[in-house]
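A quick write-up on the structure given underneath.
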Amino acid sequence: MGNPIWEVVQFRKKRTDEDIFKILKNVPTFSELNSKELSEVEKIIHRREYKKGEPIFRMGDPGLGMYIIITGSVNIIEEREGESATTLAVLKDGAFFGDLALLDESPRSASVIAGENSEILGFFRPDFLDLLYRKPRLGIKILFSLSKVIGERLRRTNEQLSALKANEGYTNG
Amino acid sequence: MDDYAFQLYNHIVKMFWRVFAILLGIAVVIVVFPYVKSVLVMFVFALLLAVLLNPVVDFLESHGVHRGLAILITMLLIIGIIAFTVSRIIPGIISAVESLSSKLQSNVITDLNKRIETFFAVHFNNAELARNVTSKVNEFGLKLLGNMAEFFKSVGGFLASVAIVPFVTFFIIKDIRIFKRELISKIPNKYFEMSLNVLQKVGHQVSKYIQGQATDAFIVGCLSVLGLFIINQVFDNPVSQFVFIGMIAGVANLIPYLGPIVGAVPALLVAILSNPPNLGVVLLWIVITFVLVQVIDNSFVSPMVVSKSVDMHPLTVVIVVIIGGNLAGAVGMLFAVPVTGIIKVTATEVIWGLKNYQLN
């Protein structure tokens, strides 16, 4: 007969891992991965807790990687010198941000501040590049999904730009 | 005003405790250091080995081998190579030392003294100068032999304490990511991204530096062995144990500026003690060989394999080598420059992090 204390601990750990798998599965970057591959990703992600008002990163900081919200919410804020901060968006449970930083170290284009006490997962470029070298099949899968997300975003931006241009032409004409 | 005085008082008290804590920390390190020195040296050695072997493990893992198995294969391979090399070289060294001592007993130094005295008597007609020179040669020879004995004693002690190194290395390679993640998890949110980024950059630079130094040492060792082999072929084996001596030259090359001289000394010594008929020419060729190896190293090998981010001023090298020697003997001297290189890279990256991240 097993020790009930350890059974509870193990059950809780398993349940938490499964929760994280579920959350990761809902992020487009990891949606194509099977459970074995997700467990490899789980080994290199960082779990952090932020109090309300605490910055996750600041505008202008070197980009390091992406974050996924497990619980809570964050505010995406644009901070300009001499101007008041503008909230661009509020992201809640399951949302992700900063994924472009998986590709390069370009400065962050906005600040992200915890809107309430939040639990957040971080997946960072150094760990991703290491994974890409050690497990190329898995790395390429993630990279491919990331390309699809970025491609989709570019397509939508192009559509919006075209619509805007057409609108301007219509107004001017 | 009172308020200002109170703030100043608070500030001074805070400063006092900070300085006190730093001084206490330094005192604790000084007191504790002698007790943990051997463990620390062993850990540094295991860490260096882990950094050197990690690329091989990563390579095997990228080809589908399970990480644990990849580490085991790499470790067994390296232990096998070391055991084979030691088993081939040690008996040779023992016999060389035996023949060396028998040669010393047969008064090689006295013979050399006689030669010098005759040389001065014939060319300068000055017996006193000759006596001075020979007494200096004797003094130098005895000092050198004493230093060599001390060096081997310290290396022997070191080797005895590193039996556990493979064990520590195995776990460092296997669990380095877990250690890193655990370490990072303890860092406050404010410094989290900066610490992660700096830690990664430091790890990358340090690995590159250590791997570069090791490759450089290996190539210099091979070139020295090749040079001494050719000398042996041309001059009827004046340098016995040339493989071991070449390897010493490679390892000594880790110390910039001083290393090449340290590397050439054993070859010159062995040649002098074997006392071939054309000793002057042999010594000249040994010096030419080591100069040539250095030219090749500095012109081609080093620029390609060693990171330039840790270039050091010659004065810095001399100072850190002396400090390393005082702290941990011959091993300390050997590791002084790489450890200083690591500290330099770390400081550079931390300054980069502090400049680029907004920590307010």
Structural part of A:Pro136 lying under 4.5 Å from a heavy atom of chain B: side chain
Greatest number of heavy atom pairs closer than 4.5 Å to chain A - which of B:His204, B:His63, B:Gln200: B:Gln200
Atom group of A:Arg108 that falls short of 4.5 Å from chain B, counting heavy atoms: side chain
A:Lys25 atom NZ, neighbour heavy-atom count above 12 within 6.0 Å: yes
Proximity breakdown for A:Glu49 and chain B, heavy-atom pairs closer than 4.5 Å: backbone
Ring centers of A:Phe123, A:Phe96 separated by less than 6.0 Å: no
Heavy-atom side-chain proximity of B:Val301 to B:Val220 below 4.5 angstrom: no
For chain A, the option from B:Met194, B:Arg177, B:Arg67 that forms the most heavy-atom pairs under 4.5 Å: B:Arg177
Ring centers of A:Phe124, A:Tyr67 separated by less than 6.0 Å: yes
Greatest number of heavy atom pairs closer than 4.5 Å to chain B - which of A:Lys135, A:Arg125, A:His46: A:His46
A:Phe144 CZ: over 12 foreign heavy atoms closer than 6.0 Å: no
Under 4.5 Å from any heavy atom of chain B - which part of A:Arg48: side chain
Heavy-atom side-chain contact between A:Phe57 and A:Leu64 under 4.5 Å: no
